[in-house]
Amino acid sequence: QVQLVESGGGLVQAGGSLRLSCAASGFTFSAYAMAWFRQAPGKEREFVAAISWSGVTKYPTDSMKGRFTISRDNAKNTVYLQMNSLKPEDSASYYCAGDPSGRMPTSSGLYESWGQGTQVTVSS
């Protein structure tokens, strides 16, 4: 049974940093591409970052790439999201997702496995 458990969210001031973790179990983690999405109230789930099994990364914008860093530790079955220079508009629930195809899609509908999410709140 696929299980993804996010942690590391919290309340932080604008300009601060957080590191999110997603612990995976129930599947061959090293064979999956992994991704982070976020969803604010009333908004659609938004692609944040993805990483292939070998460490190739993808971000939706250069701005996101400059502030957020996705990484993975296949030995620990864990994917991380380091978030720096946080802004109030980064406030959302953050979810990790797994993709066995390895293609790192940016559409949330193409991911089959999701965690329960971790809340990030950035105060101004």
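By convention here, the first residue in the shown sequence is residue 1.
For the atom pair NZ of Lys76 and OG of Ser21, the computed distance is 9.5 Å after rounding to the nearest 0.5 Å. To the nearest 0.5 Å, the span separating OG on Ser7 from OH on Tyr80 amounts to 9.0 Å. Atom CD of Gln82 sits about 7.0 Å away from atom CZ of Arg19, to the nearest 0.5 Å. Interatomic distance, SG of Cys96 versus CD1 of Ile70, reported as 9.0 Å (0.5 Å rounding). Distance check: Glu44 CD to Ser107 OG gives 9.5 Å after rounding to the nearest 0.5 Å. In this structure, CD in Gln13 is found 11.5 Å from CG in Leu86, a value given to the nearest 0.5 Å.
Residues Leu4 and Trp53 are members of separate hydrophobic clusters, defined by side-chain heavy-atom contacts under 4.5 angstrom among Ile, Leu, Val, Met, Phe, Trp and Tyr. Note on Trp114 and Leu20: separate hydrophobic clusters, where clusters join Ile, Leu, Val, Met, Phe, Trp and Tyr whose side-chain heavy atoms are under 4.5 Å apart, directly or indirectly. No chain of hydrophobic side-chain contacts below 4.5 Å, direct or via other Ile, Leu, Val, Met, Phe, Trp or Tyr residues, connects Phe37 to Leu81. Cluster membership for Tyr94 and Phe47, using ILVMFWY side-chain heavy atoms within less than 4.5 angstrom, is not shared. One hydrophobic cluster, built from ILVMFWY side chains closer than 4.5 Å, holds both Val122 and Met83.
Taking every heavy atom of both residues into account, Ser124 and Ala14 meet most closely at CA-CB, 4.3 Å. Here the closest non-hydrogen pair linking Thr118 and Gly9 is OG1-N, 3.1 Å. Across all non-hydrogen atoms, the minimal contact from Tyr59 to Thr69 is OH-CA, 3.3 Å. Thr78 and Ala23 make their closest contact through OG1-CA, 4.2 Å (heavy atoms, listed as atom of the first residue, atom of the second, distance). A pairwise comparison of heavy atoms in Gln116 and Val5 identifies OE1-CA, 3.7 Å as the closest pair. Closest heavy-atom contact between Asp90 and Val120: O-CG1, 4.4 Å.
In this view, Ser54 and Ser52, Val56 satisfy the side chain to side chain contact (heavy atoms under 4.5 Å, CB included) rule, not counting sequence neighbours. Applying the side-chain hydrogen bond (donor to acceptor under 3.5 Å, both in side chains) rule to Gln39 yields the partners Arg45; only residues at least two apart in sequence or on another chain are considered. Legend: residues meeting salt bridge (Lys or Arg N to Asp or Glu O under 4.0 Å) with Asp99, ordered by chain and number and at least two apart, are absent.
At a threshold of 4.5 Å between non-hydrogen side-chain atoms, the residues Met64 and Val48 count as touching. Contact check for Thr28 versus Ser30: side-chain heavy atoms found under the 4.5 Å cut-off. Side-chain contact check for Val79 versus Phe29: some heavy-atom pair is nearer than 4.5 Å. Residues Phe68 and Trp36 are not in side-chain contact: their nearest non-hydrogen atoms beyond the backbone lie 4.5 Å or more apart.
Using cut-offs of 30° and 60° on the angle between ring planes, the pair Phe27 and Tyr32 is tilted.
Counting non-hydrogen atoms of other residues, nucleotides and ligands closer than 6.0 Å to CD of Glu89 gives a total above 12.
Judged by distance alone, the side chain of Glu6 and the main-chain N or O of Gly117 form a donor-acceptor pair under 3.5 Å.
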